Amino acid sequence: LGETDTITIDAGVTFARRLADECHAIEAERLLTKLVATSRRVHGPDHSCTVNATSTFQNWCSVRGVVVKGEGDRIFEALRYE
């Protein structure tokens with residue numbers, strides 16, 4: 001499979017979600033930006049793959065902030081900006 005294949009793009013979106021979940025937001029945003037552009041160029045803006053990548057990008061990258069993890073499962077939002 002190549003980087004323009006829908007399976008590759010969907011896997012990349014899943015990986016970007018995992019990156020964001022693990023507090024690697026910058027890497028996730030960079031990957032999603034590339035995936036959205038690639039999918040839009042190759043498959044068009046209305047293709048399900050492009051819609052999924054775009055939706056994920058908008059959900060994860062619309063609000064940025066600094067999150068500090070505490071002991072155990074405690075998470076503190078130290079800064080939030082749009």
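By convention here, the first residue in the shown sequence is residue 1. Just so it is clear, the structure is predicted and the values come from calculations on it, not from any experiment.
- For the pair D5 (side chain) and L1 (backbone), a donor-acceptor distance under 3.5 Å is absent.
- Side-chain contact between R18 and D21 is present, with at least one heavy-atom pair separated by less than 4.5 Å.
- When the options L35, L31, V36 are evaluated for a side chain to side chain contact (heavy atoms under 4.5 Å, CB included) with V13, the one that passes is L35.
- Of all heavy-atom pairs between I9 and T4, the closest is CD1-O, 3.8 Å.
- With rounding to the nearest 0.5 angstrom, the OG1 atom of T14 is 5.5 Å from the CZ atom of R17.
- The shortest non-hydrogen separation linking A53 to L32 is O-CD2, 4.3 Å.
- Of the possible polar contacts, one joining the T50 side chain to the S39 backbone as a donor-acceptor pair under 3.5 Å is found.
- In terms of modelled atom types and a separation under 3.5 Å, the side chain of T6 and the main chain of C49 share no donor-acceptor contact.
- Across R40 and T54, no two heavy atoms sit closer than the pair NH2-OG1, 3.6 Å.
- Scanning all heavy atoms of the two residues, the minimum distance from P45 to V51 falls at O-CG2, 3.8 Å.
- Annotation: the span from T38 atom OG1 to E3 atom CD amounts to 5.5 Å, rounded to 0.5 Å.
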